[in-house]
There are 2 protein chains.
Amino acid sequence: MPAKENLRPGGRSARVQASVHNAVRSLLKTMDRADVTIPLIAAEAGVTPSTIYRRWGELQELLADVAVERLRPDMLPIDTGSARGDLEVWTEQYCEEMSSGIGRDMMRDVLAAQDNANACKCDAFTREQIALIAERAHARGEAFPDIDAVMDGVVAPIIYRILFGDQPSIERVRDLVTDVLAREPIRQPQPASAPISG
Amino acid sequence: MPAKENLRPGGRSARVQASVHNAVRSLLKTMDRADVTIPLIAAEAGVTPSTIYRRWGELQELLADVAVERLRPDMLPIDTGSARGDLEVWTEQYCEEMSSGIGRDMMRDVLAAQDNANACKCDAFTREQIALIAERAHARGEAFPDIDAVMDGVVAPIIYRILFGDQPSIERVRDLVTDVLAREPIRQPQPASAPISG
DNA sequence: GCGCTAAAAGCAAATAATTTGCGTTAATGG
DNA sequence: CCATTAACGCAAATTATTTGCTTTTAGCGC
């Protein structure tokens with residue numbers, strides 16, 4: 001597990017990392033992933049191959065490293081005014097991104113790496129987005145299920161189907177959202193700062 | 001996608017395939033998977049490396065090929081006398097197998113391959129097992145949810161957690177089974193051969 | 001700022017993996 | 001049993017990976 005943790009954060013080291021990441025992204029745009037090799041990436045990035053080998057160990061780790069950055073959410077979940085609307089819109093967008101060719105490839109890259117830290121990161125990203133939707137729901141006084149319930153009831157089925165060869169339909173995705181919202185009726189967790197009395 | 005489809009089924013070709021598969025299984029028992037290479041497998045199997053390269057293309061495909069065979073269920077789901085018992089026992093065993101180090105590795109091998117035919121096979125294996133449980137339930141006159149409902153409600157959350165870094169607990173797994181059985185109350189599909197009238 | 005220390009990068013030689021051309025073996029079908 | 005051809009083995013050519021050593025430079029105490 002040689003990835004980008006505990007590396008020098010500034011200067012040349014950072015430049016090399018950025019250059020390599022850019023090279024990977026650029027190459028993946030124009031070539032089949034099976035044809036992308038470390039020497040090729042090194043040439044594109046203007047570094048020597050041994051730098052990449054020493055830092056990432058193998059292509060799979062580098063691809064996972066690049067993929068997880070691209071899977072990082074770049075915007076807040078859209079505020080539709082209601083918890084149901086928020087979750088529906090977010091879920092549909094998530095599903096679309098993940099089922100696209102590029103999304104599937106990135107997910108595969110993340111899961112294929114020896115080091116599963118990147119997979120954990122992806123899970124954390126998703127949980128954060130759902131937590132934001134949940135917070136908004138609570139602020140509005142709406143009920144909202146546990147994050148785990150949403151992960152199990154909505155995210156997991158979508159990802160499972162994408163990974164194991166079945167494209168989830170938009171109708172199915174809506175049903176998943178409906179089910180998870182119906183299942184957890186009113187139980188609204190109190191904020192941690194609330195006094196003990198009910 | 002160069003795997004074992006449309007290859008000569010008999011004689012030397014089959015012997016080579018068996019020998020290579022055995023070599024992989026044997027090597028994975030004693031070494032770290034990162035140290036297993038195609039030349040090493042070839043030596044262990046007593047074939048020349050180019051045979052493996054031409055037949056499987058790359059290590060990932062071969063590993064996926066071996067893994068899917070090991071993921072094939074080797075027994076019928078245990079008959080406990082009730083649908084709930086059958087599904088609970090099967091699910092716990094499935095979860096245990098998949099969360100073990102070897103199970104996780106096999107799943108990763110299957111998902112990491114370019115060719116997702118093996119992943120589809122794994123999904124099919126699981127569905128078959130659940131279908132058997134469902135058939136038994138129907139034969140007893142018990143209600144049982146759709147296969148898809150079980151996949152979404154039980155299998156997907158387990159697999160998602162294993163893949164994305166969270167070990168599912170036995171309690172959580174039981175809850176998943178309880179939920180999916182509670183959700184689909186009585187709707188029992190008629191056998192296809194039933195007459196049209198109700 | 002100025003030098004010290006060591007992490008990270010570069011370079012090149014050595015090793016290992018992969019591809020490929022061609023001759024040989026043997027499975028399949030008539 | 002013979003013809004056909006897929007699959008294999010071998011070895012040479014190519015390409016990828018590892019490794020030892022040198023150079024650069026980020027981070028840090030002064």
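Here is how names work: the chains are called A, B, and so on, in the same order as the sequence lines, proteins then strands, and each is numbered from 1. Side-chain atoms are counted along with the backbone in the values below, which use heavy atoms only and exclude waters and symmetry mates.
One atom, CD1 of A:I41, and another, P of D:dA16, lie 11 Å apart when rounded to the nearest Å. Look at CG on A:L62: it is 15 Å from C1' on D:dA16, rounded to the nearest Å. Atom CD1 of A:I38 is separated from atom C1' of C:dA16 by 15 Å (rounded to the nearest Å). Following rounding to the nearest Å, A:I52 (CD1) and C:dC11 (P) show an atom-to-atom distance of 14 Å. Between the C1' atom of D:dT25 and the CD atom of A:Q17 lies a distance of 17 Å, rounded to the nearest Å. Across the protein-nucleic acid pair, B:D35 atom CG and C:dA17 atom C1' stand 15 Å apart, rounded to whole Å. Across the protein-nucleic acid pair, A:L59 atom CG and D:dA16 atom P stand 11 Å apart, rounded to whole Å. In this structure, B:R54 places its CZ atom 7 Å from C1' of C:dT20, rounding to the nearest Å.
Side-chain atoms of B:T51 lie closest to D:dG9 of the nucleotides C:dA27, D:dG9, C:dA9. Distances from the side chain of A:T37 to the nucleotides D:dA7, D:dA16, C:dC11 place D:dA16 closest.
For B:R55 and D:dC8, the shortest distance from a side-chain N or O to OP1 or OP2 is below 4.0 Å. The phosphate of D:dC8 has neither OP1 nor OP2 within less than 4.0 Å of any side-chain N or O from B:T48. One finds no side-chain N or O of B:S13 lying less than 4.0 angstrom from the OP1 or OP2 phosphate oxygen of D:dA7.
For the residue pair A:Q17/A:R55, the side-chain donor-acceptor check at 3.5 Å is satisfied.
Contacts of B:S50 with the nucleic acid, taken as non-hydrogen atoms under 4.0 Å apart, include base atoms.
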Exercise. Would A:D109 and A:R104 count as a salt bridge (Lys or Arg N to Asp or Glu O under 4.0 Å) if you check the C-alpha gap in whole Å, the side-chain angles of each, and the deciding distance to 0.1 Å?
Worked result: CA-CA 9 Å; A:D109 287 342; A:R104 287 178 38 128; over 6 Å; no

Problem set entry | salt bridge (Lys or Arg N to Asp or Glu O under 4.0 Å) between B:E92 and B:R174, intermediate numbers included | CA-CA 8 Å; B:E92 282 168 25; B:R174 279 207 194 99; 3.0 Å; yes

Exercise. Hey, mind stepping through B:D152 and A:R172 against salt bridge (Lys or Arg N to Asp or Glu O under 4.0 Å) and telling me if it holds?
Worked result: CA-CA 10 Å; B:D152 286 345; A:R172 181 71 195 145; 2.3 Å; yes

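No hydrogens or angles were tested; on distance alone, nothing pairs the side chain of A:R12 with the base of D:dG27 as donor and acceptor under 3.5 Å.
A:D148 and B:R161 are joined by a salt bridge, as a carboxylate oxygen and a charged side-chain nitrogen come within less than 4.0 angstrom of each other.
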